[in-house]
Number of protein chains: 2
Amino acid sequence: MAPATLKDIARELNISVSTVSRALRDSYEINADTKRLVMECAARLHYRPNPIALSLKGASSKAIGVIVPQIANYYFSQAINGIEEVANQRGYDVLIFQTHEAYDREVANLRQALARRVDGLLISLSSETNDVSHLQELQQQGTPIVQFDRVSALLNTPRVVADNFGGAFAATAHLLQSGRRRIAHLTIQPWLSITQERLAGYRAALAHYGVPYEESLVRFGTFGPDEVGPLVDELLALEPRPDAFFTASDRLAVGCLAALRQRRVAIPGDVSLIGFTNLTVADMLAPSLSTVMQPAKQIGQEAVGRLLDLIELKHRAAPPATLTMPTTLVIRESSSWPIDIISK
Amino acid sequence: MAPATLKDIARELNISVSTVSRALRDSYEINADTKRLVMECAARLHYRPNPIALSLKGASSKAIGVIVPQIANYYFSQAINGIEEVANQRGYDVLIFQTHEAYDREVANLRQALARRVDGLLISLSSETNDVSHLQELQQQGTPIVQFDRVSALLNTPRVVADNFGGAFAATAHLLQSGRRRIAHLTIQPWLSITQERLAGYRAALAHYGVPYEESLVRFGTFGPDEVGPLVDELLALEPRPDAFFTASDRLAVGCLAALRQRRVAIPGDVSLIGFTNLTVADMLAPSLSTVMQPAKQIGQEAVGRLLDLIELKHRAAPPATLTMPTTLVIRESSSWPIDIISK
DNA sequence: TTGTATGCGTTATCAC
DNA sequence: GTGATAACGCATACAA
């Protein structure tokens, strides 16, 4: 049995389709009895408005698009969970798109979202994206957009981000407070907002503690696989050697950890390590990987909340504010943890 | 500027909408010149058929639904990557839905997918699901369905699965060959296809090597958080103690690893550990976690391929076959790996 | 070979 | 108050 339509209800009650439509929408100017009858019948038939027909009509499609670099990533999948939670609660479907860190895919995803007539868009920029004209265009066509995590200043929308500056400051300050002085910073593409903010936090902490900033201690990697080893080698070759690492992503953190292990550099004996990461397996598997945790789920919730407000109330008047969510510094460097391998 | 429609092309060329439609659709004998003109104009205006209108019409929506337990899971996100790759290549959008392992959400997702008029459905059952009537209903309405990973025999569809039996057999056999005799099996809900197949593989290997099956060595957990510790404790309390663990999921493997560490049980000194898992971070962080790898991406690709064939060619006649993809046993128990913590 | 009319589910704009 | 009708973008049976 196909889903019930307005027509079904109309036939059932021997009234016209438009009356049914109004009974379900407009509360005013309609007979109370008729309305009650319609509501009742709709409930009985499990009537759900067809979002497809709605979007064709040009009205709301009750769907929002979410464009992220990838879902095989703990941060983004948690963010998506938060997004879905709030969106579903407010009656919206969520369409997920992955850019795989490629600008072309981002543009293609945008087209798909547009074709599916999403009511609004949530986006975290791909690492390849530095031109946002495709998004500006969409915005000018009237599609509400909210940026989260990796945002662009060139795109005038509300933004929800983690406190990258604060997190990086806290991490760096912690390392400095525990006596480290030569802190290497392994980070990602320099044009990303998160990269710049984290670098700024790192530099601010150094400045605050009177430690000079040294350019050679900062290396920019990508999200690609296995290029971490060489970077770590370069850094370890410096004179004097770094006594701490602060990495800016999940992959870099894990890669750095593995590289240090392989080179038999003791953690936290020889060097300390703090990553900007949301890996939960690290809790269990990497007792020496301290992390700056981002509230991924809450960021998603806040972002989608703002988007839905934008869609429903058309708060276009309100200035696009940036919401900064606090991060948490989790220190794991207990040397009393049991170790992974005990050969007999 | 809104996306171009058939009407735009028709106006531009001073012909009727239906002619344009046919020219693009290449239906039957149409004037070659007209066709060329239309094609040209369509290209110039960047015409893309509106999938929304198509689905309202009752025809193809060029979208498939994918229902998985969760995306914050390496196996499923890789599978989704495979699915998207093939689907996009063949001109389909992919709508992703998460059940969060809950039956109610699965039903709700199904409704959403239905409302969005997906052309077909790819599903991996939630761990709560043992009644598949909601899917049978959908199938009777004519929606093509393909199951993957967690499948039900009660639902008569093509299936694409990993070789759970073979993987479990190989893992167990490896442990037996290396001299282990009391192999604990930590697994998930007993009614899931993957659970049963893995258990069968485990038992078959034991039988093959003449080791009696012992019920107390098998424990059923869930996908919930942190219930692994107590199970491990129970198993370690057995007399004689297990000398190996074979776990059936990512979470169980990591949980078991952490629990063993915490209890200072040496791996692979005291016990061996093999997990049925697709964690890649484990490659770097857990040098003693051997795994049975599943070809997640290929499973996704194969599954979606079958679904699209079903949709496009309506191969309903062909018997719904089950495709079993081989797994890979990756042994990691080198005791020469550098250890995580070296306290000084 | 091409144009016209119809319908998919819904809402808005008219009439009644 | 309520019903008929047009429109959204498209495909198609039917007419020309």
Side-chain angles (χ1 to χ4, degrees), chain A residues 1-39 41-42 45-63 91 111 114-119 141-142, chain B residues 1-39 41-42 45-63 91 111 114-119 141-142:
Chain A
M1 38 153 205
T5 71
L6 287 185
K7 201 188 272 183
D8 295 324
I9 302 181
R11 197 181 322 109
E12 188 97 356
L13 266 46
N14 259 324
I15 55 178
S16 82
V17 183
S18 31
T19 306
V20 178
S21 174
R22 266 177 306 218
L24 292 170
R25 311 252 156 281
D26 309 338
S27 41
Y28 63 100
E29 303 288 350
I30 216 170
N31 188 308
D33 287 345
T34 316
K35 186 173 168 185
R36 198 170 32 70
L37 268 159
V38 168
M39 296 296 246
C41 185
L45 265 53
H46 299 108
Y47 170 77
R48 297 265 171 278
N50 182 338
I52 300 260
L54 283 178
S55 31
L56 221 208
K57 195 71 183 74
S60 156
S61 66
K62 286 292 182 185
R111 240 200 298 280
L114 195 63
R116 296 268 162 217
R117 295 288 189 277
V118 295
D119 294 337
Q141 283 170 37
Chain B
M1 39 151 204
T5 71
L6 286 186
K7 200 189 272 183
D8 296 323
I9 302 181
R11 198 182 322 110
E12 187 97 355
L13 266 47
N14 258 324
I15 56 178
S16 84
V17 182
S18 45
T19 306
V20 178
S21 172
R22 271 177 303 222
L24 291 170
R25 203 135 299 276
D26 198 25
S27 52
Y28 46 100
E29 294 307 324
I30 212 167
N31 188 310
D33 288 344
T34 316
K35 185 172 165 185
R36 198 171 31 72
L37 268 158
V38 168
M39 296 297 247
C41 184
L45 265 54
H46 300 108
Y47 170 78
R48 297 262 171 280
N50 182 338
I52 301 258
L54 283 178
S55 31
L56 223 208
K57 191 74 183 66
S60 157
S61 65
K62 287 291 181 185
R111 243 199 293 280
L114 194 62
R116 297 268 162 218
R117 295 288 189 276
V118 295
D119 293 338
Q141 283 170 37

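Numbered from 1 within each chain, the chains take letters A, B, ... in sequence-line order.
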Practice prompt. Identify, between A:Pro49 and B:Lys57, the residue whose nearest nucleotide on DNA chain C lies closer to the 5' end.
Written response: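 Checking each residue's closest nucleotide, the 5'-ward one belongs to B:Lys57.
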Worksheet item: 5'-most contact on DNA chain C: A:Ala59 or B:Gly58, nearest heavy atom basis?
Response: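 Looking at the nearest nucleotide for each, B:Gly58 comes out on the 5' side.
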Length of the line joining [X]:[atom1] and [N]:[atom2], which is rounded to integer Å:
X       : N      : atom1 : atom2 : answer
A:Lys62 : C:dG9  : NZ    : C1'   : 17 Å
A:Leu13 : D:dT2  : CG    : C1'   : 13 Å
A:Asn14 : D:dG1  : CG    : C1'   : 17 Å
A:Ile9  : C:dG9  : CD1   : P     : 12 Å
B:Leu37 : C:dT2  : CG    : P     : 10 Å
A:Arg25 : C:dA12 : CZ    : P     : 9 Å

Using a heavy-atom cut-off of 4.0 Å across all strands, would you classify [X] as base, sugar-phosphate, or nothing?
X       : answer
A:Thr34 : sugar-phosphate
A:Ser18 : base
B:Ile52 : nothing
A:Leu56 : base
B:Ser16 : base

From the options [options], select the nucleotide whose nearest atom is closest to the side chain of [X].
X       : options               : answer
A:Thr5  : D:dC10, D:dA13, C:dG9 : C:dG9
A:Ala53 : C:dG9, C:dG3, C:dT11  : C:dG9
A:Ser21 : C:dG9, C:dT2, C:dT11  : C:dT11
A:Leu6  : D:dG9, C:dT11, C:dG9  : C:dT11

Worksheet item: D:dG9 base to A:Arg117 side chain: any donor-acceptor pair below 3.5 Å?
Response: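 Donor-acceptor pair under 3.5 Å: no.
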Worksheet item: Mind checking whether A:Val38 and A:Ile15 have side chains closer than 4.5 Å, heavy atoms only?
Response: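 Yes, their side chains come closer than 4.5 Å.
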Discussion item. Within the 4.5 Å heavy-atom criterion, are B:Leu13 and B:Val20 side-chain neighbours or not?
Written reply: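 In short, these two side chains do not touch, never coming nearer than 4.5 Å.
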Worksheet item: Hey, does the side chain of A:Ser21 reach the backbone of A:Val17 with a donor-acceptor pair shorter than 3.5 angstrom?
Response: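 Flag not set: sc A:Ser21 to bb A:Val17 has no pair under 3.5 Å.
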Fill in: Donor-acceptor contact present, side-chain A:Ser61 to main-chain A:Arg117, <3.5 Å
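Yes; at least one donor-acceptor contact below 3.5 Å.
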Check this one for me: any side-chain N or O of [X] less than 4.0 Å away from OP1 or OP2 of [N]?
X       : N      : answer
B:Arg22 : C:dT1  : no
A:Lys7  : C:dT10 : no
B:Asn31 : C:dT2  : yes

Item to complete: Quick one: closest heavy-atom pair of B:Asn50 and A:Ala115, and the distance?
Response: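 Looking at all heavy atoms of both residues, the closest pair is OD1-O, 4.0 Å.
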